[in-house]
Structure formats: C-alpha cells, structure tokens
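For the numbers below, each heavy atom of this structure counts, side chains included, while hydrogens, waters and symmetry mates do not. It should be emphasised that the depicted structure is a prediction, and the values quoted were computed from it without experimental measurement.
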Amino acid sequence: MSLSEGVDLLRQGLVTGIAGLMAGGEEDTETTQATFITFNQDTTCVAVGTTSGYSLYTLNSTDALEPVYQSDEPDVYIAERLFSSSLVAVVSNSNARTLRVCHFKKGTEICRYSYGDRVRAVRMNRSRLVVCLEESLYIHNIRDMKVIHTIRDTPPNPSGLISLSCDNTHCYLAYPGHSHTGELQIFDTINLASRVIIPAHEGQLAALQFSPSGTRIATASEKGTVIRVFSTHDGSKLYELRRGLKRTASIYSLSFSPCGSFLACSSNTETIHVFKLDEKLKETAVLAGSPPSDDGWFGYINTMVSASAGYLPSQVTDTLLQGRAFASVHHNQTGTKTLCALAMIRKSLRLLICNEEGFLLMYSLDTEEGGDCSLIKQFKLVESPTVLDQNDFVETTDAPINQDDAVTYSDKLRNRTANDMTESDKFHEMAAAAETPPKTCFLLDDDGEFPPVAFAGS
C-alpha cells in the first residue's frame with residue numbers, strides 16, 4: 001500500500017466516523033423532541049409528550065417545575081388535564097378514534113368513548129368536554145360523560161382548531177364556520193344553541209382563544225398580521241392589534257392573562273408579542289391595545305387620526321388605529337413551533353414560552369411599563385429516557401398518597417385494591433373534579449399565602 005492510498009483510507013475513516021457521530025447526535029436529539037406541549041385551562045400545569053410517554057408539571061414557582069405525573073404510554077398525542085384535578089383526557093396514535101378519561105393518581109380509567117374518525121382535539125372545563133373530529137363536534141356532560149349534543153357537517157378542520165371557554169357562566173365553544181373565509185361560530189354549550197356568527201377575517205382562521213371570563217375571544221387568520229378581539233355577547237369588534245406591517249406569519253398560539261387585560265401571541269417569527277387591552281382606549285373608541293391614548297406622541301397621533309377618520313381612506317385609518325405590542329420577547333427559534341402562555345405565578349404575571357425541543361422559558365413582564373421581557377429561567381421538559389421513581393411525583397392539590405393507606409376498610413372487606421374503582425366511585429370522582437372551587441377561600445396549604453414561620457430559640 002502506497003502512502004497516498006493510506007492517507008486516503010485514513011481520510012475516509014475519519015469522514016465515516018464523524019458522520020456516524022453526527023448521525024448519532026441527531027438521532028439522540030430526535031428521541032428527545034416534544035411531540036406535543038399543552039397548558040391546562042388556567043395555566044397552572046403544562047403537559048409535554050414524547051414518543052415514549054408524557055409528563056405533567058405544575059407551574060407554581062420560578063425556581064423549579066414540580067413534576068406531577070409521568071406516563072410511559074407511547075404515541076400519546078393528546079393529554080388534557082382538567083384544571084388541577086387528577087383527571088386527564090388521553091388519545092394515542094395507536095387508537096386515534098378513542099378518547100380515554102383517566103384518574104392518573106389512582107391509575108384508573110374512568111371511561112372511554114369511540115368515534116367514527118380520528119380525534120383532532122379535546123377541550124374541557126368543569127361543565128363540558130368537547131371532542132373535535134375533522135367534520136363534527138361532540139359535546140359531553142363532564143359529570144357523567146354522556147353525549148348531550150353533536151354538531152355535524154362542520155367545515156373540514158384537520159388541525160382541530162377549536163376553543164372552549166373555561167368559565168361556567170359563559171360556557172362557549174368556538175370553531176371555524178367556513179372552509180375558505182375567517183367566519184367564526186360561537187356555540188353556547190349550556191343552552192345548546194348557536195350564540196353568534198362573527199366574520200372575523202377575510203382568510204381562514206389560524207388561532208382562537210377565549211378570555212378567562214368567556215366574554216371575549218381573540219382570533220388570528222393564516223395571514224397572521226392582525227389579531228382581533230371580539231365580544232361573545234354580540235360579536236362586535238373590541239380591539240384590533242397589529243403584529244406586523246408587512247411580514248406575514250403563522251400564528252401558533254394566543255393566550256389571555258388570568259385577569260384578561262393582556263394578550264400574548266406566538267408565531268413562526270423570532271418575536272413573541274404581548275398586547276395590553278386598555279379599557280380606556282375602548283371607551284374612547286380607539287381600536288388599539290397600547291400605548292395609552294393620552295401619553296406622548298402616540299396619543300397625539302391617535303387623537304389626530306381619530307379626528308380625521310372621515311377624511312382618510314378606511315384602510316389607512318384602520319392601520320393607524322391598530323394597537324402595537326406593549327411588551328415583547330426576541331428569541332432565536334425562528335421557524336420552529338412555539339407556544340406562549342400568560343400565567344400568574346407567586347402573584348406576579350409571567351410569560352411562558354415552549355418550543356418543539358421541549359424547553360420552557362419563563363420571562364418577567366412589567367405590567368406597568370411593558371418593553372422587553374427579561375428571562376428568569378429556562379427549564380428542560382423533555383429529557384433522555386430514564387426510569388424515575390414515582391414517589392417523586394406529587395399531586396398539587398393533595399399530599400402524596402401511600403397506596404396502602406388509600407385502601408379503605410370497605411375496600412378490604414371487598415378484597416379491593418386502591419386502584420379498583422366502582423362505577424359509583426368513578427361518578428363521584430368526575431363530579432368532584434367538576435366542582436367549582438369557592439372564589440374566596442383560605443388556601444391553608446398554600447405556602448405563598450401562608451409562608452412557613454421560623455421562630456428563634458429563646
């Protein structure tokens with residue numbers, strides 16, 4: 001073998017080895033990708049799934065994410081938790097036409113329902129559970145899971161774009177009403193009647209989100225430049241918020257703050273926008289989110305545009321009166337799917353951002369001044385497959401339960417384990433999870449309300 005042949009063999013070996021290492025690294029990265037990430041109804045919990053299972057984490061601290069539950073069931077693509085209860089609605093790719101409602105603390109399946117097509121989305125509150133198929137919607141009474149209404153022949157909805165208000169008083173369901181335009185249907189799931197039809201956008205709808213009270217709904221179209229907020233009472237437009245002037249975008253998520261005064265938006269661009277829905281601006285008939293109408297040059301411009309609205313073309317007036325972002329975050333995840341949420345954590349409003357790589361980024365938000373949000377901490381929701389001790393997972397509403405202690409005297413007489421549930425037990429679990437907590441109560445187990453007190457030794 002000549003020297004040149006030896007060098008060629010060595011070079012080929014190095015190239016092959018480096019390519020193998022790179023392929024191995026990419027494979028490891030793929031195995032830790034998140035297949036889905038969702039927040040629960042009041043943004044107190046985040047669910048993240050991979051090909052090998054899914055996990056639930058509570059969002060009650062800026063220091064650490066508290067793991068609640070981990071399942072090793074593969075290929076789950078929907079896992080919706082009902083507020084902070086132990087009920088979770090699960091759908092897997094292996095049985096995509098079947099919905100299962102499980103009690104994850106007791107490891108028991110409460111019920112299961114099968115449908116005629118693949119389940120596209122599941123939404124629930126304390127009164128209703130809605131299952132979205134591509135061309136139909138099934139509305140269940142969550143206490144006994146009976147189907148109380150079916151909306152058939154809806155426009156094709158392969159992405160499962162729906163929104164369900166989490167408020168029991170305004171228990172509304174929103175879904176696209178047309179296959180080519182941005183018509184929005186609002187359906188009353190209590191009275192089982194159409195509430196209002198809103199011509200929200202010219203193009204097809206891309207994102208929907210109710211406010212916590214259910215009195216407003218935010219929408220975005222596939223163009224992604226304008227976000228509109230409508231009243232669910234009469235369909236009137238309350239706010240028009242501009243994400244960008246020229247650059248179109250794919251809107252991935254919209255999220256109201258718990259107080260309903262802020263609205264966050266994520267897209268395939270590098271910016272997360274937060275708008276402030278100022279009541280003062282709505283009262284003065286200026287369709288803007290921020291900044292205030294009587295402050296500085298922006299207030300002057302808004303006043304002048306309002307005064308000259310009759311002389312300017314309507315398109316010019318609408319563009320000038322559209323609200324601009326009150327706060328924003330710039331990240332480097334351009335092109336990847338990002339989800340945002342506004343959550344109240346330790347009595348402070350936080351902006352949460354999740355991406356497909358399984359990271360959750362927590363930002364501070366100045367509710368008075370706005371501007372650029374500051375990163376507080378970054379959490380990794382998806383790790384390499386490991387065997388975890390289930391004792392590390394606790395329920396947010398109760399202390400961890402020892403299975404031996406959970407067996408009652410009645411269970412022992414019937415030779416039942418803690419995981420065995422009668423039909424009566426299942427009904428009571430569903431009813432308990434659907435109970436609305438008192439609006440004013442003492443949270444004796446909340447360290448934020450009653451922090452531990454250390455007494456100095458005498």
Side-chain angles (χ1 to χ4, degrees), residues 163 165 167 170 172 174 182-184 186 195-203 205-245 248-249 251-267 271-296 298-299 301-306 309 312 314-328 340-342 349 351 365 367-368 370-371:
S163 182
S165 170
D167 185 78
H170 305 97
Y172 301 145
E183 180 182 286
L184 177 65
I186 306 292
R195 176 72 183 182
V196 65
I197 300 175
I198 303 174
H201 300 268
E202 292 182 0
L205 296 170
L208 305 171
Q209 185 61 47
F210 279 104
S211 65
S213 63
T215 58
R216 300 173 177 177
I217 185 167
T219 66
S221 70
E222 290 184 345
K223 188 176 181 181
T225 55
V226 173
I227 300 165
R228 296 189 174 109
V229 180
F230 298 92
S231 167
T232 57
H233 174 68
D234 56 8
S236 60
K237 183 171 64 175
L238 303 178
Y239 302 94
E240 187 161 297
L241 312 167
R242 179 162 287 276
R243 189 206 55 80
L245 286 174
T248 61
I251 303 297
Y252 290 137
S253 65
L254 297 170
S255 175
F256 280 92
S257 62
C259 62
S261 299
F262 296 90
L263 176 65
C265 164
S266 71
S267 65
T271 305
I272 307 294
H273 297 85
V274 180
F275 301 92
K276 187 174 184 179
L277 307 180
D278 199 331
E279 292 293 335
K280 178 170 55 178
L281 295 174
K282 188 178 68 172
E283 293 171 1
T284 57
V286 177
L287 296 177
S290 54
S293 60
D294 58 350
D295 185 17
F298 286 106
I301 293 173
N302 276 336
T303 303
M304 294 301 296
V305 171
S306 299
L312 295 173
S314 59
Q315 292 181 347
V316 176
T317 304
D318 292 342
T319 300
L320 291 174
L321 290 180
Q322 288 165 346
R324 301 298 189 267
F326 172 76
S328 61
C340 65
L342 292 169
L349 188 61
L351 174 62
L365 175 61
T367 57
E368 297 295 330

What do the steps show when you test Thr225 against Thr248 for side chain to side chain donor-acceptor pair (under 3.5 Å), and what is the final call?
CA-CA 6 Å; Thr225 55; Thr248 61; over 6 Å; no
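- Contact annotation: the side chain of Leu277 never approaches that of Ser261 to less than 4.5 Å [non-hydrogen atoms, C-beta and beyond].
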Show every donor-acceptor pair shorter than 3.5 Å between a side-chain atom in residues 205-212 and any protein atom, with sequence neighbours excluded, or say none if there are none.
| from | atom 1 | to | atom 2 | distance (Å) |
| --- | --- | --- | --- | --- |
| Ser211 | OG | Ser213 | OG | 3.4 |
| Ser211 | OG | Gly214 | N | 3.4 |
| Ser211 | OG | Arg216 | N | 3.2 |
| Ser211 | OG | Arg216 | O | 3.4 |

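- The two residues Cys265 and Phe275 have their closest heavy-atom pair at CB-CE1, 4.5 Å.
- Note: Leu254 CG to Cys340 SG = 7.0 Å, rounded to the nearest 0.5 Å.
- Between Thr219 and Leu184 there is a side-chain heavy-atom pair separated by less than 4.5 Å.
- In this structure, Val229 and Leu263 have side chains that are in contact, with non-hydrogen atoms separated by less than 4.5 Å.
- Ring geometry, Phe326 versus Phe262: the interplanar angle falls from 30° to 60°, so the pair is classed tilted.
- Within the 4.5 Å cutoff, no side-chain heavy atoms of Leu342 are placed close to those of Phe256.
- The shortest heavy-atom contact between Ala220 and Ile227 is CB-CG1, 4.4 Å.
- Nearest heavy atom pair, residue Thr232 against residue Arg195, reads O-NE, 3.3 Å.
- Using a 4.5 Å heavy-atom cutoff, the side chains of Asp234 and Val196 are not in contact.
- Taking 4.5 Å as the limit, some side-chain heavy atom of Pro258 sits within range of a side-chain heavy atom of Leu349.
- Separation of atoms NE2 (His233) and OG1 (Thr215) is listed at 11.0 Å; rounding is to 0.5 Å.
- Looking at Asp167 and Ser165, their side chains never bring a donor and an acceptor atom within 3.5 Å of each other.
- Looking at every heavy atom in both residues, Ile272 comes nearest to Ser266 through CD1-CB, 3.5 Å.
- Note that the OG atom of Ser267 and the CZ atom of Arg243 stand 5.0 Å from one another [nearest 0.5 Å].
- The side-chain contact (heavy atoms from CB on, under 4.5 Å) check on Thr271 picks up Thr269, His273, Ser328, His330, with sequence neighbours excluded.
- Arg228 contributes atom CZ, which lies 11.5 Å from atom CD1 of Ile198 (distance to the nearest 0.5 angstrom).
- Residue Leu238 holds its CG atom at 5.5 Å from OG of Ser231, rounded to the nearest 0.5 Å.
- For the atom pair NZ (Lys276) and OH (Tyr239), the distance works out to 11.0 Å, reported to the nearest 0.5 Å.
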